[in-house]
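In this chain, numbering begins with 1 at the start of the sequence shown.
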Amino acid sequence: IPFNIIDTALSSLKNSQSFISSGMDIATKTALDLVESFNDEEDVNGMEKVMLEFAAMDRDLNNYIRAFEETVNQVKREKPEIIPDLEKLVQEKLTEIESKNSDSDLKNNEKYVYFMDQLKEMKKQFRPISDDGNETIEQIDEDIAVTRSQMNFICPITQMAMRRPVRNKVCGHTYEEEAIVEIIQSRKQKRKKVRCPNMGCSHDDVKRSDLVPDEALKRVIDSQNK
């Protein structure tokens, strides 16, 4: 069996995942743009549906790749004398994998979770005024909360306003990207773990892979600067 051809095909499939990832990034930024420009809620909800469609595509592609890899690896181990019908075996494995799918899979997609988190933060900061031109009591309360949270603009490492904030997916704290990356790299060279610089946080193993851009916070900071 020419496994090198199969490996090349699998590699091409995996490359396709990058297009899905890029599409989800674009959908996220578009949704944040819509909230920031006070567009209709229906338009924003439409972007959530787009994200779920991308999540479904990502899951389907991952399932197919997994089915293909597991089938090929099994054939490689068994080394049968008669070449099996790989297409049939892959389809059987795919059916088995897909039988365990659920709707929650899509909402647990990492980029979808990030999308919803950023969307929630944006809606807190950029919200339309009520029809009579006045803010509601709830909105005023939110303004007070925002004022109290201005310290979130300050990096716990540099003690300066952040320009490129990143959020730790594990503990939820934010830092200036350059500052936290520099600490991680420095400690890595000494083979030591990094404790979250945020005062009172017990998370003691900050990894670069846990950091994601906090686009919502960056937009708020940029808005405040303007």
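Nearest heavy-atom pair across I97 and N101 is O-OD1, 3.8 Å. Shortest non-hydrogen contact noted between N168 and V170 is OD1-N, 2.8 Å. Among all heavy-atom pairs drawn from L52 and K107, the shortest one is CD2-CG, 4.1 Å.
Distance OG1/T158 to CD/E178: 9.5 Å, rounded to 0.5 Å. For the atom pair CD of Q91 and NZ of K88, the computed distance is 11.5 Å after rounding to the nearest 0.5 Å. With values rounded to the nearest 0.5 angstrom, K169 atom NZ is found 11.5 Å from D117 atom CG. For the atom pair SG (C155) and CZ (R163), the distance works out to 11.0 Å, reported to the nearest 0.5 Å. Taking CG of L34 as the start and CE of M122 as the end, the distance is 9.5 Å to the nearest 0.5 Å. In this structure, the separation between CG on D103 and CG on N108 is 11.0 Å, given to the nearest 0.5 Å.
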**Prompt:** Where do L10 and E69 land on the side chain to side chain contact (heavy atoms under 4.5 Å, CB included) test, with the steps shown first?
**Reply:** CA-CA 8 Å; L10 277 174; E69 287 181 330; 3.8 Å; yes
**Message:** As a quick check of understanding, evaluate side chain to side chain contact (heavy atoms under 4.5 Å, CB included) for T28 and M47, giving each step before the final call.
**Reply:** CA-CA 8 Å; T28 298; M47 296 313 301; over 6 Å; no
**Message:** side chain to side chain contact (heavy atoms under 4.5 Å, CB included) for V220 and F153? Distances and angles first, verdict last.
**Reply:** CA-CA 9 Å; V220 175; F153 294 1; 3.4 Å; yes
**Request:** Apply side chain to side chain contact (heavy atoms under 4.5 Å, CB included) to I184 and L211, showing your working.
**Result:** CA-CA 11 Å; I184 292 174; L211 305 177; 4.0 Å; yes
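With hydrogens and angles ignored, the 3.5 Å screen pairs a side-chain donor or acceptor of Q118 with a backbone N or O of A216. When atom types are taken as modelled, the side chain of T71 and the backbone of A67 share a donor-acceptor pair closer than 3.5 angstrom. Using a distance-only test at 3.5 Å, with no hydrogens or angles considered, no donor-acceptor pair links the side chain of N198 to the main chain of C201. For Y114 (side chain) and P213 (main-chain N/O), a donor-acceptor pair under 3.5 Å exists by modelled atom type. Distance alone, capped at 3.5 Å, places no donor-acceptor pair between the D58 side chain and the F54 backbone. In this structure, S21 contributes its side chain and Q17 its backbone to no donor-acceptor pair below 3.5 Å.
Inter-residue side-chain proximity for E176 and I157 is flagged as unmet; no heavy-atom pair is nearer than 4.5 Å. Side-chain contact between F68 and K93 is absent, with no heavy-atom pair separated by less than 4.5 Å. At least one side-chain heavy atom of C196 sits under 4.5 Å from a side-chain heavy atom of Y175. For the pair M162 and I221, the minimum side-chain heavy-atom distance is below 4.5 Å. Proximity of M51 to L106: side-chain heavy atoms (C-beta onward) are nowhere separated by under 4.5 Å. Taking the side chain as every heavy atom from C-beta outward, L94 and E98 approach each other to under 4.5 Å. With a 4.5 Å cut-off on side-chain heavy atoms, E41 and K123 count as touching. Using a 4.5 Å heavy-atom cutoff, the side chains of V90 and Y64 are in contact.
Ion pair D222/K218 flagged as a salt bridge, since at least one NZ, NE, NH1 or NH2 atom sits closer than 4.0 Å to an Asp/Glu carboxylate oxygen.
Enclosure of atom CZ in R187 by more than 12 non-hydrogen atoms of other residues, nucleotides or ligands within 6.0 angstrom is indicated. A 6.0 Å sphere centred on NZ of K29 holds no more than 12 heavy atoms belonging to other residues, nucleotides or ligands. Taking a 6.0 Å sphere around CD of E182, one finds it holds 12 or fewer heavy atoms contributed by other residues, nucleotides or ligands. Remark: E70 CD is packed, more than 12 non-hydrogen atoms of other residues, nucleotides or ligands lying under 6.0 Å away. Heavy-atom neighbours of Q159 CD from other residues, nucleotides or ligands within 6.0 Å: above the threshold of 12.
Residues V35 and F38 share a single hydrophobic cluster, defined by chaining ILVMFWY side chains whose heavy atoms lie under 4.5 Å apart.
The salt bridge (charged side-chain N to carboxylate O under 4.0 Å, His left out) check on D105 picks up R59, with sequence neighbours excluded.
Each of I180, T174, V181, V212 was scored for a side chain to side chain contact (heavy atoms under 4.5 Å, CB included) with V166, with one residue passing: I180.
Each salt bridge (Lys or Arg N to Asp or Glu O under 4.0 Å) pair with one or both residues in residues 192-215, not counting sequence neighbours, appears once here: R167-D214, D205-K207, E215-R219.
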